[in-house]
Amino acid sequence: MSKTEKQSTPQAVRLDKWLWAARFFKTRSLCKDAIDGGKVSYNGSKGKASRNVEVGALIGIRIGWDEKIVEIKAISEQRRGAPEAQLLYEETPESIEKREKRALENKSFGGRIMSDHKPNKKERRDIKQLKKDIFSGMD
């Protein structure tokens, strides 16, 4: 097998290396920290940095307030430009819908999920109403 063939179709790539190549994290150490911190799941179970990824696997990634579920479409161990990195995965429609819904809720609430001050009386009422609306929709 020639060197160019090996680079185009890697046999086994670690989860942390694939996340780095797909540009979810800036460094591999950040990937490993996220995986060890429970922010990455692999096919519904807790992820492990040394696990080899497979095409078709579902990866759940939580970065800040965002949570994405992506399906692996291709495997690469090299970090390339963003357009090429986006070809490695595809976000599931359920994940997109969930993120858009959360963004809309945050926007309708005035973007006040995290605040640098204690909520005043009006803000507490808004928070209480938002929680009531969210949890009443779960029935």
Side-chain angles (χ1 to χ4, degrees):
M1 178 182 277
S2 71
K3 194 173 189 178
T4 55
E5 285 180 40
K6 187 175 182 184
Q7 287 180 350
S8 64
T9 57
Q11 299 279 329
V13 176
R14 294 168 48 109
L15 178 59
D16 61 342
K17 201 168 200 177
W18 186 87
L19 288 170
W20 169 76
R23 296 184 157 263
F24 285 106
F25 297 96
K26 206 168 192 175
T27 64
R28 283 194 51 202
S29 63
L30 289 175
C31 293
K32 186 174 180 339
D33 292 344
I35 293 168
D36 292 342
K39 293 179 176 26
V40 177
S41 65
Y42 185 83
N43 281 336
S45 62
K46 187 177 187 289
K48 239 180 122 175
S50 61
R51 180 171 183 107
N52 290 331
V53 296
E54 302 164 347
V55 174
L58 293 176
I59 297 179
I61 306 162
R62 196 170 66 238
I63 302 174
W65 291 98
D66 282 340
E67 188 169 348
K68 294 181 181 182
I69 299 173
V70 297
E71 181 181 354
I72 298 176
K73 293 293 181 185
I75 295 176
S76 174
E77 60 183 5
Q78 291 184 335
R79 187 173 171 103
R80 299 187 188 271
E84 289 181 52
Q86 289 174 344
L87 299 175
L88 298 177
Y89 63 91
E90 182 179 337
E91 189 172 2
T92 62
E94 298 85 19
S95 174
I96 294 170
E97 182 181 324
K98 195 175 184 182
R99 277 191 318 109
E100 287 175 351
K101 182 180 176 188
R102 184 176 177 106
L104 184 63
E105 287 173 356
N106 186 19
K107 189 175 181 181
S108 68
F109 190 56
R112 289 183 267 159
I113 286 183
M114 291 289 288
S115 180
D116 59 347
H117 66 278
K118 184 177 176 181
N120 60 29
K121 192 170 185 175
K122 183 187 182 323
E123 291 170 340
R124 284 194 302 272
R125 283 190 199 130
D126 290 344
I127 292 168
K128 191 174 182 179
Q129 183 62 43
L130 179 66
K131 286 181 179 179
K132 184 178 175 184
D133 292 343
I134 291 172
F135 292 117
S136 66
M138 292 182 148
D139 295 333

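As a basis for the values below, the full set of heavy atoms in this structure was taken, side chains included, without hydrogen atoms, waters or symmetry mates. For the single chain, residues carry numbers from 1 onward in sequence order.
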Using modelled atom types and a 3.5 Å cut-off, is there a donor and acceptor pairing between side-chain atoms of [X] and backbone atoms of [Y]?
{"X": "R124", "Y": "P119", "answer": "yes"}
{"X": "R125", "Y": "N120", "answer": "no"}
{"X": "E100", "Y": "E97", "answer": "no"}

Distance from [X] atom [atom1] to [Y] atom [atom2], nearest 0.5 Å?
{"X": "L19", "Y": "R14", "atom1": "CG", "atom2": "CZ", "answer": "11.5 Å"}
{"X": "S29", "Y": "D36", "atom1": "OG", "atom2": "CG", "answer": "11.0 Å"}
{"X": "I59", "Y": "I69", "atom1": "CD1", "atom2": "CD1", "answer": "11.5 Å"}
{"X": "E54", "Y": "I75", "atom1": "CD", "atom2": "CD1", "answer": "7.5 Å"}
{"X": "E123", "Y": "K118", "atom1": "CD", "atom2": "NZ", "answer": "12.0 Å"}

I'd like to check [X] versus [Y] (side-chain heavy atoms, cut-off strictly below 4.5 Å). Are they in contact?
{"X": "F24", "Y": "V70", "result": "yes"}
{"X": "I35", "Y": "Y42", "result": "no"}
{"X": "R79", "Y": "W20", "result": "yes"}

Charged N to carboxylate O under 4.0 angstrom, R102 versus E67?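 No, this pair does not count.
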Which atoms form the tightest heavy-atom contact between [X] and [Y], and what is the distance?
{"X": "S95", "Y": "K68", "result": "OG-CA, 3.4 Å"}
{"X": "Q78", "Y": "A21", "result": "O-CB, 3.6 Å"}
{"X": "V55", "Y": "K73", "result": "CG1-O, 3.7 Å"}
{"X": "E77", "Y": "K17", "result": "O-CE, 3.8 Å"}
{"X": "A49", "Y": "D16", "result": "O-OD1, 3.2 Å"}

With under 30° as parallel and over 60° as perpendicular, where do the rings of W18 and Y89 fit, or are they tilted in between? perpendicular
Joint hydrophobic cluster, L15 plus L30, side-chain heavy atoms closer than 4.5 Å: yes
Taking everything shown except K46 itself, do over 12 heavy atoms lie less than 6.0 Å from its NZ? yes
Can you list the steps and then say if I63 with F25 is a side-chain contact (heavy atoms from CB on, under 4.5 Å)? CA-CA 9 Å; I63 302 174; F25 297 96; 4.2 Å; yes
